[in-house]
Amino acid sequence: MADPYSTLGVARTASEAEIKSAYRKLAKELHPDRNKDNPKAAERFSEVTNAYDLLSDKDKRARFDRGEIDADGNPANPFAGMGGGGMGGGRGGFNPGGQRGFRAEDFQGFGGGEEVDLGDIFDGLFGGGRQRGNPNMGGGNPFGQGRRAPPQQKGADIAYRLRVPFVDAATLKQQRITLSDGKTIDLKLPKGVESGTQMRLKGKGQQGPGGAGDGLVTIEIESHKLYRREGDDVRFDLPITLDEAVNGGKVRVPTVDGPVMMTIQPGTSGGTKLRLKGKGFTNKSGTRGDQLVTLEIQLPEDLGELANRLEGWKDTGDPRAGLGA
């Protein structure tokens, strides 16, 4: 892995604030959600995140600066920094040609003339655990490719449920949510939002050894006393007077975007449906549905005057003629 300071583009003397600022800038630029067709950006994003995980931990950063661990957080090579004289100034160690290597006789005489098992020495240096008779168990070859520690696990995700007012969902109004730590953030609702839609909040879950988990927000759209959703359209029943139905006129109609004026044609029947374009929900392609208005004729509470005016008049039409009843 590359030097974490170089990965983030900061000096070794950089402050915590400078490191955090550099990470946020790179993370925003390289985030997979913004580079879905660029695998190199995703790889670079992972490198930047790993570098920040190390340098944002004061203890790990100090150990890295002292050369105790490498950029992956693993213990550094115990032979690093040993000079050409080797061990004890004898024949072993690093030869004048610069190649590293040891011979069995270099370790004789450590135990009163007994031969020394090199595997035991290396096991002691590198954490031991190798079983005799099975060189593949435990330990590892200090001069070869050792087994890397498994990646540290992130913290658990935290689930949230957000109730969104009907009109806010239709107009994609920004919503505020309070997280488990008491902090609040503003969420931008996605196009095509509906009850059951889930939104992922990166790094807003529980903390863990490998970093924080995510927050998972499930949207629940509340019902409305006037409106009903039908796909991307909004249904609305509008009461009108008998006079407006007979003579026509302009009426004020509520919509999710605010009131608008609508024209009622003379002789309009109850149940007539009118369409207000672009007053519905926004679908995933960015196109808005419509508001469908159903007219309902309401008779006056006091029918006395109406009855007097209709005295001697009779409607000779048959509105049920086509029903076959």
Side-chain angles (χ1 to χ4, degrees), residues 1-10 12 14-76 127 129 138 140 145-163 174-190 193 196-220:
M1 179 178 177
D3 180 86
Y5 292 102
S6 300
T7 300
L8 295 179
V10 298
R12 285 183 171 270
S15 65
E16 293 181 14
E18 290 172 332
I19 291 174
K20 181 180 291 187
S21 176
Y23 167 70
R24 286 181 174 177
K25 180 180 179 181
L26 289 171
K28 183 178 181 180
E29 175 185 338
L30 300 168
H31 197 281
D33 289 345
R34 302 182 63 180
N35 298 273
K36 295 181 180 180
D37 299 325
N38 187 355
K40 290 187 178 181
E43 182 179 346
R44 178 90 169 100
F45 176 80
S46 177
E47 294 176 354
V48 167
T49 301
N50 291 337
Y52 178 71
D53 287 344
L54 187 145
L55 295 183
S56 62
D57 187 311
K58 291 183 179 180
D59 179 62
K60 287 184 178 180
R61 182 182 179 183
R63 293 177 63 195
F64 175 79
D65 290 343
R66 291 195 298 267
E68 297 175 2
I69 59 175
D70 61 18
D72 288 319
N74 298 320
Q145 181 64 40
R147 292 183 299 174
R148 297 184 61 179
Q152 293 180 319
Q153 187 173 5
K154 286 188 175 183
D157 295 337
I158 297 179
Y160 298 92
R161 183 169 293 275
L162 178 63
R163 294 176 61 88
Q174 191 169 260
Q175 301 294 299
R176 178 161 293 183
I177 185 173
T178 301
L179 303 179
S180 61
D181 58 5
K183 297 180 180 180
T184 60
I185 60 174
D186 292 329
L187 293 181
K188 183 178 180 180
L189 296 177
V193 65
T197 295
Q198 283 198 332
M199 302 177 64
R200 182 176 293 272
L201 307 179
K202 292 288 188 181
K204 298 301 181 182
Q206 295 182 2
Q207 288 292 335
D214 300 331
L216 299 178
V217 182
T218 301
I219 302 296
E220 181 179 340

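By convention here, the first residue in the shown sequence is residue 1.
Note that CD of Gln152 is 10.0 Å distant from CG of Asn50, once rounded to the nearest 0.5 Å. For the atom pair CZ (Arg161) and CD1 (Ile177), the distance works out to 11.0 Å, reported to the nearest 0.5 Å. Remark: Thr49 OG1 to Leu30 CG distance equals 9.0 Å, nearest 0.5 Å. Rounded to the nearest 0.5 angstrom, Ile19 CD1 and Leu8 CG are separated by 7.0 Å. For the atom pair CD of Gln174 and NZ of Lys188, the computed distance is 8.5 Å after rounding to the nearest 0.5 Å. How far CG of Asn74 is from CD1 of Ile69: 8.5 Å, rounded to the nearest 0.5 Å.
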Any chance you could lay out the side chain to side chain contact (heavy atoms under 4.5 Å, CB included) test for Leu26 and Phe45, step after step, and finish with the verdict? CA-CA 8 Å; Leu26 289 171; Phe45 176 80; over 6 Å; no
Please walk me through it: do Tyr160 and Thr178 pass side chain to side chain contact (heavy atoms under 4.5 Å, CB included)? CA-CA 9 Å; Tyr160 298 92; Thr178 301; over 6 Å; no
With side chain to side chain contact (heavy atoms under 4.5 Å, CB included) as the test, would you mind laying out the steps for Gln175 and Ile219 before giving the verdict? CA-CA 11 Å; Gln175 301 294 299; Ile219 302 296; over 6 Å; no
Does the pair Leu187 and Leu201 meet the rule for a side chain to side chain contact (heavy atoms under 4.5 Å, CB included), with working shown? CA-CA 9 Å; Leu187 293 181; Leu201 307 179; 3.5 Å; yes
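Judged by distance alone, with hydrogens and angles left aside, the side-chain atoms of Asp57 form a donor-acceptor pair with the main-chain N or O of Lys60 at under 3.5 Å. Counting only distance, with no hydrogens or angles, the side chain of Tyr52 and the backbone of Ala22 share no donor-acceptor pair below 3.5 Å. Using a distance-only test at 3.5 Å, with no hydrogens or angles considered, a donor-acceptor pair links the side chain of Asp70 to the main chain of Asp72. Side-chain atoms of Asn35 come within 3.5 Å of backbone atoms of Glu29 as a donor-acceptor pair (strictly under, hydrogens ignored).
For the side chain to side chain donor-acceptor pair (under 3.5 Å) condition, the pairs that include at least one residue of residues 196-206, sequence neighbours left out, are Gln198-Thr218, Arg200-Asp214.
Heavy atoms only, all atoms of each residue included: Arg12 and Arg61 are closest at O-NH2, 3.0 Å. In this structure, Met199 and Pro190 approach most closely via the heavy-atom pair SD-CD, 3.8 Å. Shortest non-hydrogen contact noted between Pro209 and Gln153 is CD-O, 3.3 Å. Here the shortest heavy-atom pairing between Leu54 and Pro4 reads CD2-CG, 4.3 Å.
Taking 4.5 Å as the limit, every side-chain heavy atom of Leu55 sits out of range of all side-chain heavy atoms of Glu16.
Judged as a side chain to side chain donor-acceptor pair (under 3.5 Å), and not counting sequence neighbours, the contacts of Arg176 are Asp186. Residues meeting the side-chain contact (heavy atoms from CB on, under 4.5 Å) test with Glu18, sequence neighbours left out: Ala14, Ser15.
The aromatic rings of Tyr5 and Phe64 sit tilted, their planes meeting at an angle between 30° and 60°.
Surrounding CZ of Arg24 are at most 12 heavy atoms belonging to other residues, nucleotides or ligands under 6.0 Å away.
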